[in-house]
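For reference, the structure is listed below as structure tokens.
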Amino acid sequence: MNKTIEKIVSLCKQRGFVYQSSEIYGGFGAVYDYGPLGVELKNNIASYWWREMTQIHENIVGLDSGILMHPKIWEASGHVGEFHDPLVDCKQCKSRYRADELSDDIENEKWDKIKCPKCGTTGMMTSPRQFNLMFKTQVGPVEESGSTAYLRPETAQGIYVNYQLVQGSTRMKIPFGIAQIGKAFRNEIIARNFIFRTREFEQMEMQYFVKPENDNEAMREWKKKRVNFYTETLGINEKNIRFHEHVEGELAHYAKEAWDIEYNFPFGWSEIEGIHNRTDFDLARHEEYSGKNLKYFDQVANERYLPYIIETSAGLNRMMLAVLSDAYWEDTENNRTVMKLHPKIAPIKAVICPLVKKDGLPEKARAIVDVLRPHFNILFDQQGSIGKRYYRQDEAGTPYGITVDHQTMEDNTVTLRHRDTQKQDRIAIDDILNIIQSSLV
Ligand code: GAP
């Protein structure tokens, strides 16, 4: 099967997972909207992440901080000074590239000898210039220097500046974590590969505060837990997941050690989550810039220290693209496309179909809908042939098809069709809820 990103983009649009933003105006670069199926899938993934962090771990709590924050936060974090991409321009055709796309050694590269990949001209490439990725905005009615604010490029800083308040109000002892899901914004220059790299996206970040000498142990623990989330919770094929360690030169300005979890996308292995040892870099910088003491008081050891932070930082949109890529299957034998989503994250759990629109079958099907609807998302569909109805739902990733036929009117049984195998069982109406619910764990 030739699984391409173009095929996934096309299915996402047709079935209502993801649309290009502002399409009627010709689109808006590197921003996407999530349609009825997409928003359900995205919410399901996010709620499993949230559950795994805050419900399963008694020492991790949640937070929802603002997108706009005090601008000094971004000076302290290093984003004003360091959050740059080096860019080069072709003076001939005006194409713009991230320098690392064209060279492995940006500093020593002879840029005037580089050939433009688009127009093929050699000798017209500029030297790299630094371009800050943060979006700036103005706060208040007057445009003046003091009113500049930034749209946050990561959710992490909202956690760091609130960490003492959270610790104080929950009385948690180190080690403890704070989890947050929210929007982040980056003025990406080269945005491509659909929802992989966009200007507006969602992060799911958890910051784990540990005693400095326990950082390596915490790093090991979280690497293991995070990789299990992809394979066990989301049901992604483990062959498509791997670690990549950041070597000298790749490490972000705040990190002592960093690992990416990568997924084997149709366009190649790429990062979906970063696990970073940020040491006490951020808290020390916030102490310096705010003038506030941010040390943690360890009552048992009777000492004060700045905790080290192990960060797990995942992109929700990238995670969703990994899930979609993994689920995409062309069943050539049966001439259909199937999204093999795990039932627990599938946007719709079952489609209920009366075989024909008469003889009381629609009413019987509606009665089943009424029983199931309070428990999970389902769909009633009586349009078109039964085969077409099933195939539409195969593309939507709906794991079950329930058909009400004439036999149903006699013995209160229905057919239950399984999406991947197309196998059909005859089951009692009273058993439907249990059967579907038991597949959602
Ligand atoms: N707080 C650390 C941090 O933000 P990062 O590696 O820059 O680290 C973490 O980003 C994750 O956020 C990435 O692994 C990716 O999943 C997601 N992400 C980053 N930039 C993105 C973008 N432009 N579009 C979509 N997701 C992005």
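First listed ligand is number 1; within each ligand, the first listed atom is number 1. As the structure is a prediction and not an experimental result, all values here were calculated from the model.
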At what distance is the nearest protein heavy atom to [atom], and which residue and atom is it?
atom	result
atom 15 (C) of ligand 1	R318 NH1, 3.4 Å
atom 10 (O) of ligand 1	Q203 NE2, 3.5 Å
atom 14 (O) of ligand 1	E271 OE2, 2.5 Å
atom 25 (C) of ligand 1	F196 O, 3.1 Å
atom 17 (C) of ligand 1	G315 CA, 3.7 Å

Problem - Heavy-atom side-chain contact between Y328 and L11 under 4.5 Å - result: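 Yes, close enough: below the 4.5 Å cut-off.
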Could an N or O of ligand 1 be found under 3.5 Å from any N or O of [X], whether backbone or side chain?
X	value
E154	yes
I272	yes
E205	yes
A314	no

Ligand 1 atoms in contact with [X] (distance to a heavy atom under 4.0 Å):
X	value
E311	1 (N), 2 (C)
E273	14 (O)
S313	1 (N), 2 (C), 3 (C), 4 (O), 8 (O), 9 (C), 10 (O), 11 (C), 14 (O)
Y254	2 (C), 3 (C), 8 (O)

What part of [X], side chain, backbone, both or neither, has a heavy atom within less than 4.0 angstrom of ligand 1?
X	value
Y263	neither
R197	both
M319	neither
R278	side chain

Exercise for the section: Take Q92 and T121 through the side chain to side chain donor-acceptor pair (under 3.5 Å) test and state the conclusion after the steps. Expected result: CA-CA 7 Å; Q92 180 69 27; T121 312; 4.7 Å; no
Practice task
Show your reasoning for whether ring-ring contact (aromatic ring centres under 6.0 Å, His included) applies to W50 and H57.
Solution key: CA-CA 10 Å; W50 190 254; H57 293 95; over 10 Å; no
Should [X] and [Y] count as an ion pair when the cut-off is N to O under 4.0 Å?
X	Y	answer
E273	R226	yes
E330	K7	yes
E202	K42	yes

Handout entry: Cationic tip of K223 above F243 ring, under 6.0 Å, 45° of axis
Key =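 Flagged: K223 positioned over aromatic ring of F243.
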Problem - Y390 six-ring face occupied by R417 cation (under 6.0 Å, within 45°) - result: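 Because its charged atom sits under 6.0 Å from the ring centre and within 45° of the axis, R417 does stack over Y390.
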Exercise for the section: Indicate, with yes or no, if the rings of Y296 and Y305 have centres closer together than 6.0 Å. Expected result: yes
Practice task
Give, for atom OH of Y34 and atom OH of Y19, the distance between the pair rounded to the nearest 0.5 Å.
Solution key: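 Interatomic distance, Y34 OH to Y19 OH, rounded to 0.5 Å: 13.0 Å.
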Practice task
Apply ring-ring contact (aromatic ring centres under 6.0 Å, His included) to F196 and F194, showing your working.
Solution key: CA-CA 6 Å; F196 179 81; F194 194 34; over 10 Å; no
Exercise for the section: Answer yes or no for T198: is there a heavy-atom contact with ligand 1 below 4.0 Å? Expected result: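 Yes.
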Exercise for the section: Using side-chain contact (heavy atoms from CB on, under 4.5 Å) as the criterion, point out the one residue from I272, I5, N193 that pairs with F265. Expected result: I272
Exercise for the section: Give the single entry among R186, H79, H276 that approaches atom 7 (O) of ligand 1 most closely by any heavy atom. Expected result: R186
Practice task
Counting heavy atoms only, name the option from F201, F83, Y32, F185 that's nearest to atom 27 (C) of ligand 1.
Solution key: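 Shortest heavy-atom distance from atom 27 (C) of ligand 1: F201.
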